[in-house]
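Shown next, in structure tokens, is the structure this report addresses.
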Amino acid sequence: MSGAIILPVRTIIEPFRIKSVEPLHHTTTAERERYLEQAGYNLFRIDARNILIDLLTDSGTSAMSTEQWAALMRGDESYAGSESFFRLKRAVDDLTGLRHMIPTHQGRAAERILFTVACKPGNLVPSNTHFDTTRANIEFTGARAVDLPIPEAADTQARLDFKGYMDVSALGDLIRSEGAAQVPLVMLTVTNNSGGGQPVSMANIAAVKEVCAYHNIPLYLDACRFAENAWFIRERETGYADWTPKRIAQKMFSYADGCTFSAKKDAFANIGGFLCTNDDRIAQRESDLLILTEGFPTYGGLAGRDLEAIAVGLEEILDIDYLRYRIVSTGYLGRHIADRGVPIVEPPGGHAIYIDAARMLPHIPPQQFPGQALAVELYRHAGIRSVEIGTLMFGAAARHELLRLAIPRRVYTQSHIDYVVEAILEVNACKDRIRGLEIVEEPPFLRHFSARFRQL
Ligand SMILES: *Cc1c(COP(=O)(O)O)cnc(C)c1O
């Protein structure tokens, strides 16, 4: 033996190997031009078959594990009292400690039930930043959805460890001025999706809870990305470096009186969600409503096998190797484009990279949807699908003009991401040629899903 190798291998790899593959379909630029025209320049209207790399969303697009596929076979499809419900309930109890768990077909169904029960017209529901379906479901009840991000979040270039915070003093002021009776609940979105996928610290969760407790208002977590948030706390907040992600997540939930959850995010499931609460009376009213629109409370609009996949996913998502790889790979995409001149929301978030389209395309005003214009160009150039998060999605309430590149969990490899980096840098090199858009057709709400545009 010559000298022993003492340096450890440091490359962070995908902590899985591939057992089943799905071919990607290449298209030509001319074909993509045609698809764009047919779709009214709305990428939601383009057939998935004609997308090469799909970064539209990380929602419901995860690759399931062998254990999840195996769990599907255990699905108990009994209408009432399914074993799979109790398996999921145990997993959720263990994680959240919340008393009641109501399965729903996805996150927005949990939102609709929660806000229908909790909100009256004229109420307001504060959050660090509401997600689009959350905002729409609150406003559908006649209540107001109020965003209270910290002022620093307005600067996309500020590199804060925890940029997804709620502004706690603004929350206190709002509750005092409007009256606690007008605020049926406070929400915290972890991580803050619409705020750039930025994490919320444990200290902030605790501080928000303190304000809520003082005014006797329940705190709900919009917990879609609880595991990614837990990882950021482990990496960045003093005192958590040797905690397991699960223990951190349990502590996050210990401050909550309830939560909404989309299992399409941090549960690696293709469908599903749930609603939790500690309030027996509210839980009863929610179950009644669930039966009306989703199904019996032990399946809530899901198949038994879906409940199984979610139960397994909730455990797998907290794996240290997975979370390390997940956050590092998101950062890899972010750093490789940002360090070569593409303005992103700094620092890279958990599930997505957000390009600051207003900063990248200063020649396109917000009313001409710079984020959407960039999404269209990235598809035309390289077959990549992304999504606008700005004036198109939020109207006048938009704080930024962003293009979100959401990364499906366990789906794409590093060479896919290298392709995306290359494509974005090429688009950036010719960005002055990108034109704005005008809406020619739009529905009354959630218009970004189906609006049609014309190029200016
Ligand atoms: C996806 C998402 C929702 C809604 O969940 P769906 O399963 O898509 O209905 C709510 N809040 C946040 C933060 C989300 O990311």
Side-chain angles (χ1 to χ4, degrees), residues 76-127 130 133-134 136-143 145 180-188 209 212-213 215-224 226 250 252-263 267 271-304 306-307 310-311 314:
D76 174 355
E77 306 301 342
S78 303
Y79 190 96
S82 155
E83 257 310 293
S84 302
F85 169 78
F86 295 110
R87 219 166 272 138
L88 175 60
K89 177 141 175 57
R90 281 194 297 276
V92 174
D93 280 353
D94 184 31
L95 183 64
T96 69
L98 294 163
R99 200 148 59 235
H100 302 280
M101 187 279 293
I102 294 168
T104 58
H105 79 273
Q106 58 182 84
R108 69 197 67 184
E111 291 169 349
R112 201 189 69 84
I113 290 169
L114 171 63
F115 300 130
T116 302
V117 167
C119 293
K120 288 200 258 317
N123 283 172
L124 50 100
V125 180
S127 174
H130 287 289
T133 61
T134 322
N137 273 298
I138 290 168
E139 293 182 343
F140 196 70
T141 69
Q182 286 304 317
V183 185
L185 64 133
V186 170
M187 293 205 90
L188 261 181
K209 172 63 183 183
C212 291
H215 294 282
N216 213 4
I217 298 171
L219 171 63
Y220 275 68
L221 294 185
D222 179 340
C224 296
F226 74 96
Q250 286 169 327
M252 287 163 50
F253 281 110
S254 74
Y255 293 107
D257 303 290
C259 72
T260 55
F261 183 71
S262 169
I271 196 69
F274 54 78
L275 170 59
C276 291
T277 175
N278 271 338
D279 186 319
D280 299 343
R281 213 173 38 85
I282 294 256
Q284 186 56 52
R285 292 177 60 201
E286 288 171 347
S287 289
D288 295 345
L289 199 53
L290 185 84
I291 293 176
L292 187 66
T293 60
E294 293 279 298
F296 193 74
T298 57
Y299 73 86
L302 295 168
D306 298 325
L307 303 173
I310 298 167
L314 285 175

Show me the pairs that pass salt bridge (Lys or Arg N to Asp or Glu O under 4.0 Å) and involve residues 280-304, at least two apart or across chains. Arg99-Asp280
Are the side chains of Phe140 and Thr116 in contact, using a 4.5 Å heavy-atom criterion? no
As an exercise, state the distance from CG of Leu95 to CE of Met252, rounded to the nearest 0.5 Å. 9.0 Å
ring-ring contact (aromatic ring centres under 6.0 Å, His included): which pairs involve residues 76-103, sequence neighbours left out? Tyr79-Phe296, Tyr79-Tyr299
Does any non-hydrogen side-chain atom of Leu114 lie less than 4.5 Å from one of Thr260? yes
Heavy-atom check, side chain of Leu188 versus side chain of Asp222, under 4.5 Å: no
Go through the steps to decide whether Leu219 and Leu185 satisfy the test side chain to side chain contact (heavy atoms under 4.5 Å, CB included), and finish with yes or no. CA-CA 6 Å; Leu219 171 63; Leu185 64 133; over 6 Å; no
Enter the distance from Leu307:CG to Met101:CE here, rounded to the nearest 0.5 Å. 7.0 Å
Close side-chain approach of Val125 to Met187, heavy-atom, < 4.5 Å: yes
Does any non-hydrogen side-chain atom of Leu302 lie less than 4.5 Å from one of Ile271? yes
Is the backbone N or O of Asp76 less than 3.5 Å from a side-chain atom of Ser82, with the two atoms forming a donor-acceptor pair by type? yes
So how far is it from Glu139 CD to Cys119 SG, rounded to the nearest 0.5 Å? 10.5 Å
Separation between CG (Leu98) and CG (Leu221), nearest 0.5 Å, reads 8.0 Å
Using the side chain to side chain contact (heavy atoms under 4.5 Å, CB included) criterion, which residues pair with Asp94? Sequence neighbours excluded. Lys246, Gln250
Closest non-hydrogen atoms of Ala145 and His130, given as atom of the first, atom of the second and distance, are CB-CD2, 3.5 Å
Glu77 side chain to Gly304 main-chain N or O, any donor-acceptor pair under 3.5 Å? yes
Non-hydrogen side-chain atoms of Cys276 and Ile102 separated by less than 4.5 Å: no
Heavy-atom closest contact (Ile310 atom, Ala267 atom, distance): CG2-CB, 4.1 Å
Would you say that Pro126 contacts Val183 through its side chain, given a criterion of any heavy-atom pair below 4.5 Å between the two side chains? yes
Restricting to side-chain hydrogen bond (donor to acceptor under 3.5 Å, both in side chains), what partner residues turn up for Arg87, sequence neighbours left out? Glu308
Between Asp279 and Thr277, do the side chains contain a donor N or O and an acceptor N or O under 3.5 Å apart? no
Quick one: CG on Asp257 to CD1 on Ile217, what's the gap to the nearest 0.5 Å? 10.5 Å
Between CG of Leu88 and CG of Asp93, what distance do you get to the nearest 0.5 Å? 9.0 Å
Considering only residues two or more places apart or on different chains, which pairs with a residue in residues 110-119 satisfy salt bridge (Lys or Arg N to Asp or Glu O under 4.0 Å)? none
Would Val92 and Leu314 count as a side chain to side chain contact (heavy atoms under 4.5 Å, CB included) if you check the C-alpha gap in whole Å, the side-chain angles of each, and the deciding distance to 0.1 Å? CA-CA 8 Å; Val92 174; Leu314 285 175; 3.8 Å; yes
For the side chain of Asn123 and the backbone of Pro184, is there at least one donor-acceptor N/O pair under 3.5 Å apart? no
Would Thr134 and Ser127 count as a side chain to side chain contact (heavy atoms under 4.5 Å, CB included) here? Give the steps. CA-CA 10 Å; Thr134 322; Ser127 174; over 6 Å; no
For Cys259 and Tyr220 the tightest heavy-atom approach is N-CD2, 3.4 Å
Residues that Phe274 engages under ring-ring contact (aromatic ring centres under 6.0 Å, His included), provided they are two or more places apart: Phe261
